[in-house]
Number of protein chains: 2
Amino acid sequence: MDLTNLSQAKVFGGWHKQYQHHSAVLNCDMRFAVFLPLKATSSSPVPVLYWLSGLTCTDENFMQKAAAFHKAAELGIAIVVPDTSPRGEGVPDDPEGSYDFGLGAGFYLNATQEPWKKNYQMYSYVVDELPKLIEANFPITDKRAIAGHSMGGHGALTIGIRNPERYVSISAFSPICHPTTVPWGEKAFRHYLGEDKSTWQQYDAVELLKHASTKLPILVDQGDADGFLEEQLKPQTLVDVAQKQQVPLTLRMQPGYDHSYFFIQTFIGEHLEFHAARLLAED
Amino acid sequence: MDLTNLSQAKVFGGWHKQYQHHSAVLNCDMRFAVFLPLKATSSSPVPVLYWLSGLTCTDENFMQKAAAFHKAAELGIAIVVPDTSPRGEGVPDDPEGSYDFGLGAGFYLNATQEPWKKNYQMYSYVVDELPKLIEANFPITDKRAIAGHSMGGHGALTIGIRNPERYVSISAFSPICHPTTVPWGEKAFRHYLGEDKSTWQQYDAVELLKHASTKLPILVDQGDADGFLEEQLKPQTLVDVAQKQQVPLTLRMQPGYDHSYFFIQTFIGEHLEFHAARLLAED
């Protein structure tokens, strides 16, 4: 697979780099970003946190605004951030141009409906194609954690819960916890997956946990001044099912914090330490 | 003076807020941003770092990308970031629409030429009007440090050197050290100040240090992979005159770093500690 380096900048002794490649799964060219700590060398590869961003984002939002590199450099953890949807000339967008569906809003699922299914296969891209590419081309191991924000929090939860053998830990900021019951999720799932709601459940963290055997540790931070909390996010539904199923999930309601990257930068260091406890543990 | 609060977000226990106000000096409405640490209360105001940004920036670039709040919260230092030029409908811009002159490129000077002089008075705005507004409306003291990046590094150096009674310390990332001799400075100064180059020298850090009595400590970080280093920035000219004049200036050439906020976020914590040593010292 051909990788084109688009940019690189030294940061905290390591490197932030952006790459473009052709995705066979998504049938388009994709961009991703990687933070490589100084400690990452071909003779000593490092574990990795995959970060999934929210609606309207690209690979850049987290890398520019989350203030994560100080701690990641100190711990010796790489960070990989994909885009939030397929992109490019041939990729269909919401004809109404809304922000919460189509480009920038792939919802980390595999679409089954026309005209979306040719490109909108973000689940397979994040779970399979991207890690394969990363592990073949960078000093990064297959010891992976997954985290995300909002729509990307939904992505991290559902991908982590469905693939406990591929990740060691899961965390989320302000995730869409129960998308099949909220406006953002209903709109996107109806378009991407069709009217049969039984096909939606595999992309809903609450529905998955009802039947999940995962014992991966899950950390969720949620600001109580987040304007999307009541209508779109619903973290209590996740806590309720996790308690019932004895999943080791911790929800921290953070007083006064909103939905922005100012919230994320405040607690990203603690999330990195949470993941490091598993990523850096001796097997 | 009326202040309109445009946004607020909790971060590291403190607050990031944006405000709009009418500037009498600039003859337009201006926006600025402030970080207030948790420690700042009306009964216990905190000292402040004024940050001046570079070409094309607004109040947002530093606040979103510099990763400064963890350390500022820990130290108990406020940060104030003005815009980089006057703004708004009535404010003239470069008719050719270049990025390095006009809107977003005020160069922290007081223009004397038409049509610029009515609005482009950023020197007086930063030195006088903005601190007066800040100290009257926020739990922030008159103990001030000043720092900046690129064009804003030039601003921090020249404003700090000319006003040693108003600031306790100066720092800069990748500053335009000797603007009267480089393309960015020559273009802007010719438009704002006219052809008489003797009027330019009061806005050139190297020229000012030739005659300055300042003993303020100055810290400069410069990446050696910065594409603007040779043509526009010229930090060695600053070191040479500082040595001659026995000004306590430290230039740190940082290997491999470029001109971006990835460079700034790597070393902003050390700059905050440098300023804190003076800002938090007992009088």
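Heavy atoms only: backbone and side chains are in, while hydrogens, waters and symmetry mates are out. Chain identifiers are assigned alphabetically (A, B, ...) following the order of the sequence lines, protein sequences preceding nucleic acid strands; residue numbering begins at 1 within each chain.
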Give the member of A:His259, A:Lys65, A:Gln254 that has the highest number of heavy-atom pairs under 4.5 Å with chain B.
A:Lys65

Report the option among B:Tyr261, B:Phe69, B:Phe267 that has the most heavy-atom pairs separated by less than 4.5 Å from atoms of chain A.
B:Phe69

Relative to chain A, which of B:Gly256, B:Pro255, B:Gly269 shows the most heavy atom pairs under 4.5 Å?
B:Gly256

Let me know if B:His70 has heavy atoms under 4.5 Å from chain A in its side chain, its backbone, both or neither.
neither

If one checks every heavy atom of B:Tyr257 against chain A at 4.5 Å, the contacting part turns out to be both

Any idea how A:His16 and B:Phe262 line up, ring-wise: parallel (<30°), tilted (30 to 60°), or perpendicular (>60°)?
parallel

At a heavy-atom distance under 4.5 Å, which candidate from A:Ala9, A:Ala225, A:Ala66, A:Ser260 has the highest pair count against chain B?
A:Ala9

Where A:Gln265 and B:Gln64 come nearest, the two heavy atoms and their spacing:
NE2-O, 4.4 Å

